[in-house]
Engineer: 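This is the structure I want to talk about, given as structure tokens.
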There are 2 protein chains.
Amino acid sequence: MTVWDRPEPPTPPVPLDRERIVAAAVALADEGGLEAVSLRKVAARLSAGPMRLYGYIATKEQLLDLMLDEVHAEILPEEQPGDWRAALGALAHRTRQAALRHLWLADLLGGRPTLGPNGLAVTEARLAALHGLADIDTVMRAVETVSAYCTGAVRREVANLRAERATGLSKRDWQRAHGPHVTRMLATGRFPALAEAVHDGSDVDAEASFTTGLDWVLDAVAAKIAPPPV
Amino acid sequence: MTVWDRPEPPTPPVPLDRERIVAAAVALADEGGLEAVSLRKVAARLSAGPMRLYGYIATKEQLLDLMLDEVHAEILPEEQPGDWRAALGALAHRTRQAALRHLWLADLLGGRPTLGPNGLAVTEARLAALHGLADIDTVMRAVETVSAYCTGAVRREVANLRAERATGLSKRDWQRAHGPHVTRMLATGRFPALAEAVHDGSDVDAEASFTTGLDWVLDAVAAKIAPPPV
DNA sequence: TCAGCGGGAAATACAGTGTATCGACATGAG
DNA sequence: CTCATGTCGATACACTGTATTTCCCGCTGA
């Protein structure tokens, strides 16, 4: 048998590690959303068989955990401002920006405890921002409140953004797209306040809305950690 | 052929409507979480074939929309208190309670626009609570902020609750279950504030925590709709 | 140098999913 | 009685997460 007849030896399997797996999964999710992440596709992107992944993760849930922790690395600012308010605000804004880069983050935010190294680091940063400004319990309550707002606001924004994109139209046209239904509902007169809001409310952009609400919540925190001198 | 040989005529299909379908889906989700909801199982519970459902819904997503709207009916109080603060607080608390009755609600909250009749009614109630107390845009911002907090807080609470249940243990034992990991992480010294919080923080029950944060957010709203006389 | 073997990767298998398509049957019209 | 219609169930398909089996490559011992 000549060399030409001899088949190429099978390519040895590419080495794998958690990092590469998570990167592939994140890329997939960035392109097609969380539902585009399947173990088969992740493995395929790494030129591996599906079952190979089970050497690194025990279940798909764990892969999601790793993905969530991965993007938490993007949330941590390189250096933390000394001002607690700026620090908490920056963390919230960076969370929002991370979610706009990785829309699927909105699906995971708040959905599972963030116990990975980056998740813990973000929590640490939040707590550290307020450290010493009030007793521990107040600080914890404050961090939880700001985080909860952040989670909820980001989720709503992404949900609306997806709804707009699903109709493939601009924001103005959106209410016309869902108009047949919403308009009819509003016309029933059962939702007067809502009708007024839709009719008379000015549409502020999402970032401004997020910032406004965030400021309010931070105001509330400020009032608690430094009660006004009576 | 005798009567005895003749088979019973096939039972005519039970009549179906959206209401029954949604009820079956909700029951399934209550028992086994959202992942237990499959079109086949929903249909089976109604003694129908899976494809039968497609006469009433176009896609599984729509079924989830209907389920979400269904539980929003439980959130609406029978009568709304006149006090805006009590009204918004009641809506938030009822949302939380609904989520504790239907844990899967936490998975859907904030994840999609709530355009069904009950969802709109809840939004209407929120807006109505503040109607006239400030300009429309401020009212909208306030409602969005409170809702965002509510969504985030409920999601976090349910996520923690599930994590506890997954280990099958009480809250105290939980940190011992995840201890091997978390404890090791805290021991690295990279998370001093977090370590202090875990060590010195008193564990308040979830409802109190929710209420505290909610009160802070409502305080913030109060400050905006009735600015302190200068 | 060869036999056996151990381990890791791949292939196969399985139960289940959402949904498209097809076939049959019951019912109403002519 | 016959035929059309439209609704429902069965079937089909591509895909999922994961368990199990198979296979092959490189190593070790003789």
Side-chain angles (χ1 to χ4, degrees), chain A residues 1 6-22 24-68 104 107-108 111-112 162 166, chain B residues 1 6-22 24-68 104 107-108 111-112 162 166:
Chain A
M1 172 194 296
R6 160 172 292 224
E8 287 276 344
T11 62
V14 295
L16 228 54
D17 54 20
R18 244 171 274 237
E19 203 174 342
R20 257 186 273 250
I21 294 175
V22 174
V26 166
L28 239 15
D30 286 348
E31 294 163 16
L34 263 198
E35 71 203 329
V37 177
S38 85
L39 295 186
R40 280 170 167 85
K41 287 190 234 166
V42 171
R45 188 168 275 233
L46 299 165
S47 315
M51 295 314 290
R52 189 112 175 264
L53 303 184
Y54 282 89
Y56 304 85
I57 55 171
T59 185
K60 189 187 180 180
E61 286 288 293
Q62 291 191 359
L63 178 57
L64 296 181
D65 284 340
L66 291 175
M67 291 171 67
L68 183 56
W104 49 273
D107 300 319
L108 263 26
R112 56 192 69 220
R162 280 176 176 151
Chain B
M1 174 194 294
R6 162 171 291 222
E8 287 277 342
T11 62
V14 295
L16 227 53
D17 54 20
R18 242 170 276 236
E19 205 174 340
R20 257 186 274 251
I21 293 175
V22 174
V26 167
L28 238 16
D30 286 348
E31 294 164 16
L34 263 197
E35 70 203 332
V37 177
S38 85
L39 296 187
R40 281 171 167 84
K41 288 189 226 158
V42 170
R45 188 168 277 234
L46 299 166
S47 315
M51 296 314 289
R52 184 105 181 269
L53 303 183
Y54 283 89
Y56 304 85
I57 55 171
T59 184
K60 188 185 181 181
E61 286 287 294
Q62 292 191 359
L63 177 57
L64 296 182
D65 285 340
L66 292 176
M67 292 170 65
L68 183 55
W104 50 272
D107 300 319
L108 262 28
R112 56 192 70 219
R162 281 177 178 150

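Given the structure is predicted, the values throughout are model-derived calculations rather than measurements. Chain letters run A, B, ... following the sequence lines, proteins first and then strands; every chain starts at 1.
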Engineer: From CZ of Arg40(B) over to P of dT19(C), roughly how many Å is that when rounded to an integer?
Structural biologist: 11 Å
Engineer: To the nearest 0.5 Å, what is the distance between CD1 (Ile21(A)) and CG (Leu66(A))?
Structural biologist: 8.5 Å
Engineer: Kindly compute the distance separating CG (Leu28(B)) from CE (Met67(B)), expressed to the nearest 0.5 Å.
Structural biologist: 8.0 Å
Engineer: Would you indicate, yes or no, if dT19(C) has its OP1 or OP2 atom less than 4.0 angstrom from a side-chain nitrogen or oxygen of Thr59(B)?
Structural biologist: yes
Engineer: Starting at CG of Leu63(A) and ending at C1' of dT18(D), how long is that distance when rounded to a whole Å?
Structural biologist: 14 Å
Engineer: What integer distance in Å separates Lys41(B):NZ from dT17(C):C1'?
Structural biologist: 10 Å
Engineer: Of all the nucleotides listed (dG9(D), dA10(C), dT16(D)), which has the minimum atom distance to the side chain of Met51(B)?
Structural biologist: dG9(D)
Engineer: Please work out if Val37(A) contacts a base, only the sugar-phosphate, or nothing of the nucleic acid, heavy-atom cut-off 4.0 Å.
Structural biologist: sugar-phosphate
Engineer: How many Å lie between CG on Leu53(A) and P on dA10(C), as a whole number?
Structural biologist: 10 Å
Engineer: Whole Å only: how far is the NZ atom of Lys60(A) from the C1' atom of dT17(C)?
Structural biologist: 12 Å
Engineer: Distance check needed: dA10(C) C1' versus Leu39(A) CG, whole Å only.
Structural biologist: 16 Å
Engineer: In whole angstrom, what separates Gln62(A)'s CD from dT18(D)'s P?
Structural biologist: 9 Å
Engineer: At what distance, to the nearest 0.5 angstrom, does OG1 of Thr59(A) lie from CD of Gln62(A)?
Structural biologist: 6.5 Å
Engineer: Which nucleotide, dA10(C), dT19(C), dG17(D), lies nearest any side-chain atom of Tyr54(A)?
Structural biologist: dG17(D)
Engineer: Could you work out which one of dT19(C), dG9(D), dA9(C) sits closest to the side chain of Arg52(A)?
Structural biologist: dA9(C)
Engineer: Would you call Arg45(A) and Glu31(A) a salt bridge, using N to O less than 4.0 angstrom?
Structural biologist: yes
Engineer: Measure the distance from CG on Leu46(A) to C1' on dA10(C) and round it to the nearest whole Å.
Structural biologist: 15 Å
